[in-house]
Amino acid sequence: MADMKLPTRSEDFSEWYNQLVLRAELADYAPVRGCMIVRPYGWALWENITAALDRRFKATGHVNAAFPLLIPRSFIEKEKSHVAGFSPELAVVTHGGGEKLEEPLVIRPTSETIIGHAYAKWIQSYRDLPVLINQWNSVVRWELRTKLFLRTLEFFWQEGHTAHATAEEAETETRQMLDVYTDFARNEAAIPVIPGRKSAAERFAGANETYSIEAMMGDGKALQAGTSHNLGQNFAKAFEIQYLDKGGVLQFCWTTSWGLSTRFVGAIIMVHGDDQGLILPPRLAPYQLAIVPIFKTDEEKATVLENARRLRRELADAGVRVKMDEREGISPGFKFNDWEMRGVPLRLELGPKDVAKGSVVLARRDRPGKEGKAFVAQQGIAAAVTEHLAEIQQALFDRALEFRKSHTADAENYEEFKKAVESGFAFSWWCGSGDCEAKIKEETRATMRCIPIEQPGGSGKCVYCGNQASEKAIFAKAY
RNA sequence: CGGGGCGUAGCGCAGCCUGGUAGCGCGCCUGCCUUGGGCGCAGGAGGUCUGGAGUUCAAAUCUCCACGCCCCGACCA
């Protein structure tokens, strides 16, 4: 750690991100290019994400299972747009047990095919439907350009795969999971995402319709933070997932898939972080509060630590995730900076003066310096902390929403549009033509992020071609 | 895959141009001292200079060939 300070976000956002991930000990580079070691602090954050999502999946009737890592290559080839989309980024196993394999095996880039194969065996009757399965796993996609959490060769995620009797049911499921992701992002991660529909060009390989939640990062760029696909009958037909309906007629199922990955950790970093480091939303933070004891003499140490431990227990009993920093030989000032860099939402400082007064200092991570510090009585500390955490959670959301709003322009013409996508989102009328979309991308490097579910109504002129348009879309440079 | 940058101690770098067998800061270890915003002092450990081949009496340094990583583009959760 030659340099104690991070690069600032304004001077080099990318470098700020890279260094922060390493310094906060979220992740490290692996020996293989593009692969990532998720360190305990990063994994703890991911575990809180998975717990919050898994709760929601179970609450909407889904169950977990585990499908294999290796897939026969022929499976990938069964759905033609799927193979076209994924072929360039497949890792293929050609040898096993020292022998060349008869048929190469693909390391799953996603599991629609192998799950489709299983569903074809399991589903016979309308009575077997719907099938609502999720799995937590990792997948491999041979990406050309990688970045910790945002795009790694192997990434961790969940992939939900469901099969339904009707098109309507599948669409309802697809939209329900989009809502689940939206709710999770907003209420757990304090990220004001925009749920919407993807254009044909941005659609998942093999989907009829792709929905996503889009978030704005601290540099104004967009990040797709979760996706939900309506696969229609494409995979059902490729894998012969069929059932007999009530009338005894053989029908193809309607399937969906939806996923959210460790990329979301990157979103949390880039949405909330500041020049001091991470700011983690309290509901997901591995540690919600760090206690820094302060003392000089041995007597002070004894009383302060005794008091600090009592507070820790009280807070832990109230359900607060507490980290007690008892590291020796490190100054309090160092610890303050350290926990700020690591994004702990609340810090509790406790010195001899506080012990004498029966109070503590609470410092809010989202308000740097003295402004964020307050003396709080030890009496009723748990309630005070819980309240502070809730306030911080809300403040982070409000701030992110304000940032997004102030970096989003309702661009009416192409000049405004070009200016808007330099620093944020353009929300503009779009005729829906792939040509306009492609030309915009070519000329501005901004892509169609989504057509938000929430529309102003009415109609306007396409920001590129000027033709009549009935929907407005978000365009932005994206990760 | 195109363009750029870089591989020297755990991390960040200097040394290379002009060959002479390796240094600085941080971190780490020990001791003392300190602790309310990134303490200080003293002592110490730690390096096949990415790999290979070549030139030379002599290569971190010059030449060639590999490999790896990072950044910027095209592709993507």
Side-chain angles (χ1 to χ4, degrees), chain A residues 1-7 12-15 17-19 22-23 28-35 84-90 109-110 138-159 181 198 201-205 207 210 212-215 222-229 257-267 276-277 292-298 300-301 304 325 327-341 347-355 360-361 363 368-370 372-373 375 441-442 445 447 477-479:
Chain A
M1 224 186 290
D3 206 349
M4 295 300 248
K5 287 223 181 305
L6 289 164
D12 192 341
F13 194 84
S14 182
E15 196 50 29
Y17 177 88
N18 286 336
Q19 287 194 27
L22 297 173
R23 297 253 301 265
D28 203 349
Y29 292 105
V32 175
R33 175 193 76 85
C35 290
F86 279 107
S87 283
E89 48 187 69
L90 291 180
T110 178
S138 71
V139 294
V140 170
R141 298 179 188 176
W142 215 262
E143 300 290 350
L144 300 177
R145 213 178 123 204
T146 58
K147 197 174 178 76
L148 293 170
F149 287 113
L150 295 183
R151 194 176 302 100
T152 46
L153 293 200
E154 180 190 16
F155 58 89
F156 297 86
W157 75 344
Q158 56 69 216
E159 45 176 330
Y181 288 149
K198 287 288 193 183
E202 301 278 337
R203 215 173 265 159
F204 176 76
T210 286
S212 72
I213 51 172
E214 298 288 328
L223 185 79
Q224 178 174 310
T227 49
S228 185
H229 315 290
S257 69
W258 28 275
L260 185 146
S261 75
T262 32
R263 165 180 274 191
F264 202 90
V265 173
Q276 298 302 312
V292 179
I294 300 160
F295 47 79
K296 288 192 174 76
T297 64
D298 282 348
E300 285 177 352
K301 178 178 176 180
V304 168
D325 191 348
R327 286 179 290 178
E328 307 245 4
I330 297 174
S331 70
F334 184 93
K335 291 178 179 177
F336 295 168
N337 283 286
D338 196 40
W339 291 115
E340 280 171 13
M341 192 263 292
R347 181 177 66 243
L348 189 156
E349 304 170 11
L350 184 73
K353 294 179 218 165
D354 305 301
V355 176
V360 302
V361 173
K370 283 217 161 59
K373 287 198 184 190
F375 289 98
K441 183 175 176 183
E442 195 184 316
R445 286 174 47 213
T447 52
K477 291 179 186 170
Y479 277 96

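Below, all heavy atoms of this structure are taken into account, side chains as well, without hydrogens, waters or symmetry copies. So you know, we letter chains A, B, ... as the sequences are listed, proteins then strands, and number each from 1. Because the structure is a prediction, the values reported are computed rather than measured.
Between the side chain of R141(A) and the base of C76(B), no donor-acceptor pair of N or O atoms lies under 3.5 Å. On a pure distance criterion of 3.5 Å, no polar donor-acceptor pair joins the side chain of D338(A) and the base of G38(B). Between the side chain of K373(A) and the base of G36(B), no donor-acceptor pair of N or O atoms lies under 3.5 Å.
For the pair D298(A) CG and C32(B) P, the interatomic distance rounds to 12 Å; values are reported in whole Å. Rounding to whole angstrom units, CH2 of residue W142(A) and P of C1(B) are separated by 13 Å. Y17(A) places its OH atom 13 Å from the P atom of C72(B), with the value rounded to the nearest Å. Rounding to whole angstrom units, OH of residue Y479(A) and C1' of C72(B) are separated by 13 Å.
A cation-pi contact, defined as under 6.0 Å to the ring centre and within 45° of the axis, is absent between R263(A) and F149(A).
In this structure, the nucleotide among C70(B), G36(B), C75(B) sitting nearest to the side chain of D354(A) is G36(B). Of the candidates A74(B), U35(B), C75(B), the closest approach to any side-chain atom of F295(A) belongs to U35(B). Nearest nucleotide to the side chain of S14(A), out of U35(B), A77(B), C72(B): C72(B). For F334(A), whose side chain is taken as the heavy atoms from C-beta onward, the closest listed nucleotide among G38(B), C70(B), C1(B) is G38(B).
Residue-level contact check: T297(A) touches neither bases nor backbone, having no heavy atom under 4.0 Å from any strand. Within 4.0 Å of I330(A), counting heavy atoms only, lies at least one base atom of the nucleic acid. Residue E143(A) is classed as a base contact, given a heavy-atom separation below 4.0 Å to a base. Using a 4.0 Å heavy-atom cutoff across all strands shown, G351(A) reaches at least one base atom of the nucleic acid. Nucleic acid contact class of P352(A) (heavy atoms, under 4.0 Å, all strands): base. In this structure, L150(A) reaches the bases: a heavy-atom distance under 4.0 Å links it to at least one base atom across the strands shown. Nucleic acid contact for K353(A): base, since at least one base atom lies under 4.0 Å from a heavy atom of the residue. Contact annotation for R347(A): base contact, defined as any heavy-atom pair under 4.0 Å involving a base atom. At a threshold of 4.0 angstrom between heavy atoms, the contacts of V361(A) include nucleobase atoms, whether or not backbone atoms are also involved. E15(A) comes within contact range of no nucleotide atom at all, as no heavy-atom separation falls under 4.0 Å.
Ring stacking is absent between W157(A) and A77(B), as the pair misses the limits of under 5.5 Å between centres and under 30 degrees between planes.
The partner of C32(B) is G40(B), by the rule that a Watson-Crick or G-U pair needs both atom distances under 3.5 Å. A 3.5 Å limit on both hydrogen-bonding distances identifies no Watson-Crick or G-U partner for U61(B). Base pairing of G25(B) is made with C11(B), judged by Watson-Crick or G-U wobble geometry with both donor-acceptor distances under 3.5 Å. Pair assignment for C1(B): G73(B), on the basis of Watson-Crick or G-U wobble contacts that are both within less than 3.5 Å.
Defined by atom type and a distance below 3.5 Å, a donor-acceptor pair is missing between the side-chain atoms of K147(A) and T152(A).
Under the 30°/60° scheme for interplanar angles, the aromatic rings of H229(A) and F204(A) are found to lie parallel.
Here E214(A) pairs with K198(A) in a salt bridge; the nearest charged N to carboxylate O distance falls below 4.0 Å.
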